[in-house]
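Remarks on the structure that follows.
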Amino acid sequence: MVPRKSVLLFLQADFFVHQLRNKMGDFMSYDHKAIEKRWQTYWDEHKTFKTAPETSGKPKYYVMNMFPYPSGQGLHVGHPESYTATDIMARFNRMRGFNVLQPMGWDAFGLPAEQYAIKTGHNPADFTNENIKHFKKQVKSLGFSYDWDREINTTDPEYYKWTQWIFEQLYKKGLAYEDEIMVNWAPDFPGGGIVVANEEVIDGKTERGSYPVYRVPMKQWVLRITKYAERLLSDLDDLDWPEAIKEQQRNWIGKSTGAAVFFKVDGKSDYQVEVYTTRPDTLFGASYMVLAPEHDLVDKITTSECRADVDAYKAKIASKSDLERTDLNREKTGAFTGAYGINPVNGEKIPIWIADYVLSSYGTGAIMAVPAHDTRDYEFAKKFDLPIRQVIKGGDISKEAFTGDGTHINSAFLDVLDKKQAIEKIIDWLEEHDAGHKQVNYKLRDWIFSRQRYWGEPIPVIHWEDGKQTLVPESELPLRLPHLNQDQMKPSGTGESPLANAKSWLEVTRQDGVKGRRETNTMPQWAGSSWYFLRYIDPHNDKVLADPEKLKYWMNVDLYVGGAEHAVLHLLYARFWHKFLYDLGIVPTKEPFQKLVNQGMILGTNHEKMSKSKGNVVNPDEIVDSYGADALRVYEMFMGPLTQSKPWSTESLAGIRRYLDRVWRIFTSDGDGINPIIVSENDHKLDKIFNQTVKKVTEDYAAMRFNTAISQMMVFINETFKAEKLPKKYMNAFLQLLNPVAPHITEELWQRMGHQETIAYATWPTYDESQIIEKQIEMAVQINGKVRAKINTPVDISRDELAKMATDNPDVKKQVADKNIVKIIAIPGKIINIVVK
RNA sequence: GCCGUUGUGGCGGAAUUGGCAGACGCGCUGGACUCAAAAUCCAGUGGUGGCAACACCGUGUGGGUUCGACUCCCACCGACGGCACCA
């Protein structure tokens with residue numbers, strides 16, 4: 001027993017020595033905690049990144065991120081990714097002489113705060129401010145060069161005053177209106193149900209929480225975004241945005257060109273059904289019609305024999321959620337109304353059905369069915385045994401609908417024509433006979449703008465007892481949220497907003513004694529984020545939303561970075577508000593964001609999306625603590641192209657930290673001052689690599705290719721380890737190149753190199769092209785496309801000389817000895833290819 | 001089903017205009033230092049065959065254009081994201 005115990009003790013002692021030496025090893029690398037704290041404090045105290053006035057005479061550069069929702073969970077590793085990307089652009093352009101505006105703020109309205117308040121009795125405002133404090137501390141620990149004097153918070157009354165003000169302008173122009181419309185009602189949503197916007201419905205369920213959505217009629221506030229559909233679509237073309245996002249917006253707006261056609265109802269001449277079709281050329285093939293079950297005419301035209309069936313069908317549809325209604329594998333269903341429509345082009349009587357495959361919200365909610373040439377109509381006709389009449393040659397109508405182009409048949413004056421010609425001709429005919437006209441349609445629907453919630457901007461409207469409705473006067477804005485206690489905030493169960501419980505806030509009396517009630521719905525979270533990029537420009541202005549002169553100088557945003565999940569919601573709403581403000585003459589540009597970049601997702605080490613349940617979440621706080629903010633920043637930029645998804649690797653992160661240690665060591669040689677081999681004279685050994693590095697890093701930053709910029713800086717440091725002397729000028733310039741990615745360590749070393757001022761405004765280094773171009777280069781000689789030899793040639797050699805040099809090469813001679821040279825391709829500086837047979 | 005993105009070593013990725021595929025990093029292997037290890041520094045590292053010089057194969061698959069293709073064209077397969085009865 002005794003010996004074993006002593007062995008154990010010995011092993012333990014050895015282990016401690018091991019630990020101690022590791023600790024000492026750490027001292028050999030740089031002390032990121034002290035350095036990062038020191039420079040963050042310095043930047044704060046000196047307001048280093050305060051934006052210069054508009055009168056500075058410098059060109060402007062406005063760069064921003066999609067501001068975060070300050071959740072209680074704090075930062076995840078995706079935040080530093082996009083924030084570092086913009087910070088590099090901000091710091092890079094600052095050194096290049098731009099006046100840089102890089103702000104940060106908080107998108108702080110939202111459901112979690114309200115739900116937390118209901119659960120715990122805390123005030124959502126206090127809770128939100130706590131979260132912001134925590135978030136801000138985390139963000140600050142990463143050393144981003146924000147102008148913190150411009151910080152904004154959407155829940156601050158001084159901010160939402162202007163959100164409400166914009167709403168009032170929309171109201172005055174008739175673009176904000178209250179309407180009894182079919183809304184997306186999610187009754188199971190915690191807090192007594194909620195109405196959500198069309199954009200917030202995913203697969204028939206709410207985007208947040210996945211609760212089923214039903215279409216029910218309700219009185220709601222709606223913004224007339226459809227009025228801007230065409231401009232929202234066509235102005236996309238000039239934007240420097242990812243094609244995927246532009247395409248998603250185009251699809252969402254969903255423009256289509258076709259025709260409206262009027263069908264009289266047989267025997268009821270006061271009624272006519274207007275249908276929308278993109279294929280008016282197939283009018284002769286229409287064999288029945290379909291109305292959406294909710295269509296106004298249904299009750300009016302249904303015959304008494306069919307009424308029971310129709311009512312039963314309508315009742316069945318009403319009880320279904322959107323998800324059930326849109327299940328594609330579901331069989332087509334419908335009911336016959338007993339009525340007939342008259343085809344204007346040939347006077348034929350065709351039956352009118354109702355079916356839920358026709359949507360009340362698109363077009364006119366009614367269609368003419370051409371089963372021979374439309375897949376959906378074909379399925380329906382087969383199911384209910386309705387006639388199928390071919391009017392275009394092609395396909396096999398006995399098997400499936402033919403939707404392609406072809407020659408028209410059985411179509412009187414359209415016969416022989418193709419699709420395009422036939423469409424033109426039938427539209428002319430319809431217009432001549434008052435039976436229809438050309439029509440453009442959009443899938444885009446108006447923006448359902450009210451939410452039955454407490455924690456949002458109050459809609460500044462008063463409903464008076466005499467039936468009138470007025471805006472809260474602009475001079476009384478902001479209309480502040482009243483304080484509610486825990487009980488008052490609880491859901492009413494009727495779908496009404498908790499604000500209905502704020503009696504003293506709710507009830508108002510006009511000067512003439514008429515009583516009124518405030519609107520109790522609040523705005524959706526998207527309201528505050530639809531214009532915040534304007535407020536950063538002039539965040540403390542209490543007279544106007546922002547000074548027009550300042551807007552003129554700063555707009556529009558030169559670079560906007562954020563996640564692709566906002567492809568339609570936020571980005572479409574923000575464009576809509578911006579265009580509206582443009583029309584009012586408030587903003588000088590048609591579009592808010594000239595260039596948009598979506599950062600890719602950072603996945604877990606297992607290549608899967610990070611999630612708590614998978615246990616693959618990386619916490620940035622822990623990385624900053626053990627590796628440092630600089631290492632995290634450099635690593636996240638080195639992982640791969642910004643726009644791509646890429647998996648996390650702690651080993652690779654450690655490699656980046658080793659690189660920063662190497663940088664530290666080459667500058668300090670682990671002493672107190674700087675490495676003695678850094679000297680004023682230049683032995684020219686590093687000329688080429690230095691100039692190459694400046695060139696590549698400058699170009700790569702400008703194109704946001706951060707991973708390759710970093711790899712070039714690694715190559716440079718590898719070269720310095722082989723050098724005997726390091727020119728001071730080059731080493732200073734290197735610090736500037738690295739600074740945008742790793743700002744703390746470079747400030748520290750910059751100071752050690754003897755500078756008194758921050759590195760942030762040092763003029764960006766230039767390179768000498770002549771130092772990069774070589775006089776003598778190695779060129780590959782290919783034989784039949786395969787590299788068989790390498791030769792050294794002067795760079796300015798002629799084509800013929802080059803060909804001769806190649807064929808004179810002994811290796812080449814050996815290879816071609818018994819073959820015929822057919823052709824020699826010789827391009828100086830590129831390649832030599834000898835084609836032989 | 002439609003639209004978009006994407007496919008390169010053991011892994012992350014590079015190759016800017018059609019011109020030497022695999023820069024840089026991770027990992028791995030070997031060496032120096034050390035009593036030993038860690039750290040650090042140096043070197044090697046696509047696969048197969050060969051002592052070697054070298055040869056052959058190699059950028060999702062199959063074809064094509066070209067003196068030459070990761071790159072351009074056609075067809076297909078897989079992964080990711082979005083839309084989804086929009087007439």
Side-chain angles (χ1 to χ4, degrees), chain A residues 14 17-19 21-22 24-26 28-29 202-203 242-248 250-252 254 256 258 275-279 282 290 325-328 330 332 355-359 361-370 374-377 379-380 441-445 564-565 567-568 600-601 603 605 607 609 635 638-641 643-656 658-659 661-662 665 696 699-700 703 705 707-708 710-715 718 721-722 778-788 790 822-825 827 829-836:
Chain A
D14 192 52
V17 170
H18 183 109
Q19 289 281 303
R21 288 207 176 135
N22 274 350
M24 289 175 73
D26 278 349
M28 304 299 275
S29 72
I202 310 288
D203 292 337
E243 203 43 51
I245 299 282
K246 291 210 255 184
E247 205 51 35
Q248 276 182 59
R250 287 190 190 110
N251 290 341
W252 190 261
S256 77
V275 304
Y276 173 70
T277 176
T278 54
R279 295 296 305 274
T282 60
V290 186
R325 283 188 64 160
T326 57
D327 183 358
L328 284 180
R330 196 167 57 87
K332 292 268 182 295
D356 71 346
Y357 84 89
V358 172
L359 308 175
S361 52
Y362 182 75
T364 57
I367 62 155
M368 64 176 207
V370 185
D374 181 284
T375 315
R376 297 151 301 184
D377 297 343
E379 284 171 22
F380 192 83
N441 250 326
Y442 300 91
K443 286 202 285 188
L444 183 70
R445 282 173 254 160
E565 66 274 18
V568 275
M601 209 186 310
L603 307 169
T605 47
H607 290 64
K609 207 168 160 172
Y635 171 61
F638 183 69
M639 292 172 90
T643 53
Q644 254 166 47
S645 294
K646 51 244 154 184
W648 182 267
S649 158
T650 304
E651 288 81 17
S652 288
L653 167 71
I656 293 295
R658 281 201 291 276
Y659 170 68
D661 282 335
R662 269 162 78 81
R665 224 173 291 120
K696 181 146 181 64
E699 288 172 359
D700 282 353
R705 289 187 300 250
N707 54 331
T708 50
I710 292 164
S711 101
Q712 182 64 36
M713 290 189 280
M714 288 173 168
V715 173
N718 288 346
F721 269 71
K722 291 170 194 159
E778 187 189 64
M779 282 189 54
V781 182
Q782 295 181 337
I783 294 167
N784 285 345
K786 288 190 174 171
V787 179
R788 295 298 183 192
K790 295 195 175 173
V822 179
K823 192 175 180 183
I824 299 175
I825 292 104
I827 303 164
K830 291 215 164 157
I831 203 85
I832 304 133
N833 191 9
I834 301 167
V835 186
V836 296

Legend entry - Whole-angstrom distance between B:G68 and B:A21, as gauged at atom P: 14 Å

Inset, instruction - Indicate, with a heavy-atom threshold strictly under 4.0 Å, whether A:G363 touches base, sugar-phosphate, or nothing. - result: nothing

Inset, instruction - Tell me, with the steps shown, if A:M713 and A:I710 meet side chain to side chain contact (heavy atoms under 4.5 Å, CB included). - result: CA-CA 5 Å; A:M713 290 189 280; A:I710 292 164; 4.2 Å; yes

Inset, instruction - Look at all strands and tell whether A:V275 reaches a base, only sugar-phosphate, or nothing, counting heavy atoms closer than 4.0 Å. - result: nothing

Legend entry - Gap between atoms CG and C1', on A:D356 and B:A84 respectively (whole Å): 15 Å

Legend entry - Check: A:P641 main-chain N/O paired with A:K646 side-chain donor or acceptor under 3.5 Å: yes

Inset, instruction - Could you work out the separation of B:C35 and B:G44 based on their P atoms and round it to a whole Å? - result: 28 Å

Inset, instruction - Starting from C1' on B:C83, measure out to NZ on A:K246 and report it in whole angstrom. - result: 19 Å

Legend entry - A:F380 CZ to A:K332 NZ distance, which is reported to the nearest 0.5 Å: 9.0 Å

Inset, instruction - For RNA chain B, just give me the dot-bracket, please: Watson-Crick or G-U, both distances below 3.5 Å, ( ) intra-strand, [ ] crossing earlier pairs, | paired with another strand, . unpaired. - result: (((((((..(((......[....)))((((((.......))))))((((....))))..(((((..]....))))))))))))....

Legend entry - Between B:G58 and B:G10 - P atom distance, rounded Å: 15 Å

Inset, instruction - Write down the distance between CD (A:Q248) and C1' (B:A84), rounded to a whole number of angstrom. - result: 13 Å

Inset, instruction - Kindly label the base of B:G9 as syn or anti, based on whether its glycosidic torsion lies within 90° of 0. - result: syn

Inset, instruction - Mind checking A:S361 for me? I need base, sugar-phosphate or nothing, with any heavy atom below 4.0 Å counting as a touch. - result: nothing

Legend entry - B:U34 and B:U48, which share atom name C1', separated by this distance in whole Å: 40 Å

Inset, instruction - Answer yes or no: does a side-chain N or O of A:R665 lie under 4.0 Å from OP1 or OP2 of B:C41? - result: yes

Inset, instruction - Mind checking A:R662 for me? I need base, sugar-phosphate or nothing, with any heavy atom below 4.0 Å counting as a touch. - result: sugar-phosphate

Legend entry - Distance, C1' atom - from B:A39 to B:C33, rounded to whole angstrom: 11 Å

Legend entry - Minimum-distance nucleotide to A:Q644 side chain [options: B:G13, B:A87, B:C26]: B:G13

Inset, instruction - Spell out, as yes or no, whether a donor-acceptor pair under 3.5 Å connects the side chain of A:N833 to the backbone of A:G785. - result: yes

Inset, instruction - Quickly work out the A:M368 CE to B:A87 P distance and round it to whole Å. - result: 13 Å

Inset, instruction - Identify whether any heavy atom of A:K786 sits under 4.0 Å from a base atom; if not, whether one sits that close to sugar-phosphate; answer base, sugar-phosphate or nothing. - result: sugar-phosphate

Inset, instruction - Report the relative orientation of the aromatic rings in A:Y276 and A:Y362; use parallel for angles under 30°, tilted for 30 to 60°, perpendicular for over 60°. - result: perpendicular

Legend entry - Under 4.0 angstrom between A:N707 side-chain N/O and B:A14 OP1 or OP2: yes

Inset, instruction - With RNA chain B as reference, determine whether A:E243 or A:V787 sits nearer its 5' end, using the nearest nucleotide of each. - result: A:E243

Inset, instruction - Using a 4.5 Å cut-off on heavy atoms from C-beta on, say whether the side chain of A:M368 contacts that of A:T282. - result: yes

Legend entry - Main-chain N/O of A:S649 paired with A:Y635 side-chain donor or acceptor, under 3.5 Å: yes

Inset, instruction - Scan A:R250 against the nucleic acid and name what it touches under 4.0 Å (heavy atoms): base, sugar-phosphate only, or nothing. - result: nothing

Inset, instruction - For A:K609 and B:C80, give me the distance from atom NZ to atom P, rounded to whole Å. - result: 12 Å

Inset, instruction - Indicate, with a heavy-atom threshold strictly under 4.0 Å, whether A:S256 touches base, sugar-phosphate, or nothing. - result: sugar-phosphate

Inset, instruction - Mind checking the CZ-CD1 spacing from A:R250 to A:I245? Nearest 0.5 Å is all I need. - result: 11.5 Å

Inset, instruction - Could you tell me whether the phosphate oxygens of B:C26, OP1 or OP2, come under 4.0 Å of any side-chain nitrogen or oxygen in A:R658? - result: yes

Legend entry - Residue closer to the 5' end of RNA chain B, A:Y276 versus A:E247 (nearest nucleotide): A:E247

Legend entry - Touch class at under 4.0 angstrom, heavy-atom based, for A:Y442 against every strand present: nothing

Legend entry - Nearest atoms (heavy-atom pairs only) where A:L603 meets A:S645: CD1-CB, 4.3 Å

Inset, instruction - Considering only atom P, compute the distance from B:G25 to B:G46 and round it to an integer number of Å. - result: 15 Å

Inset, instruction - Mark up nucleotides 62-70 of chain B, 5' to 3', with B wherever a protein heavy atom is under 4.0 angstrom from a base atom, S wherever such an atom reaches only the sugar-phosphate, and - elsewhere. - result: -----BS--

Inset, instruction - Mind calculating the distance between CD (A:E379) and C1' (B:A87) to the nearest angstrom? - result: 13 Å

Legend entry - Proximal nucleotide (of B:C20, B:A87, B:C41) relative to the A:K790 side chain: B:C20

Inset, instruction - Rounded to whole angstrom, note down the C1' distance from B:C20 over to B:A14. - result: 15 Å

Inset, instruction - Run the numbers on A:D374 and A:I367 for side chain to side chain contact (heavy atoms under 4.5 Å, CB included), then give the verdict. - result: CA-CA 12 Å; A:D374 181 284; A:I367 62 155; over 6 Å; no

Inset, instruction - Figure out the NZ/C1' separation between A:K830 and B:U17, and round it to whole Å. - result: 6 Å

Legend entry - Distance in angstrom units between A:L603 CG and B:G81 C1', rounded: 12 Å

Legend entry - P spacing across the pair B:U71 / B:G7, given as an integer number of angstrom: 11 Å

Inset, instruction - Remember a base hit wins even if backbone is also touched, and classify A:P242 as base, sugar-phosphate or nothing at under 4.0 Å, heavy atoms. - result: nothing

Inset, instruction - For A:N784 and A:V835, run side chain to side chain contact (heavy atoms under 4.5 Å, CB included): C-alpha distance rounded to whole Å, both residues' side-chain angles, the deciding distance at 0.1 Å, then the answer. - result: CA-CA 5 Å; A:N784 285 345; A:V835 186; 3.7 Å; yes

Inset, instruction - Check whether any side-chain N or O of A:N718 sits under 4.0 Å from OP1 or OP2 of B:G25, and answer yes or no. - result: yes

Inset, instruction - Please determine if a side-chain N or O atom of A:Y362 lies less than 4.0 Å away from the OP1 or OP2 oxygen of B:A87. - result: yes

Inset, instruction - May I ask you to verify if any side-chain N or O of A:H607 is less than 4.0 angstrom from the OP1 or OP2 atom of B:C80? - result: no

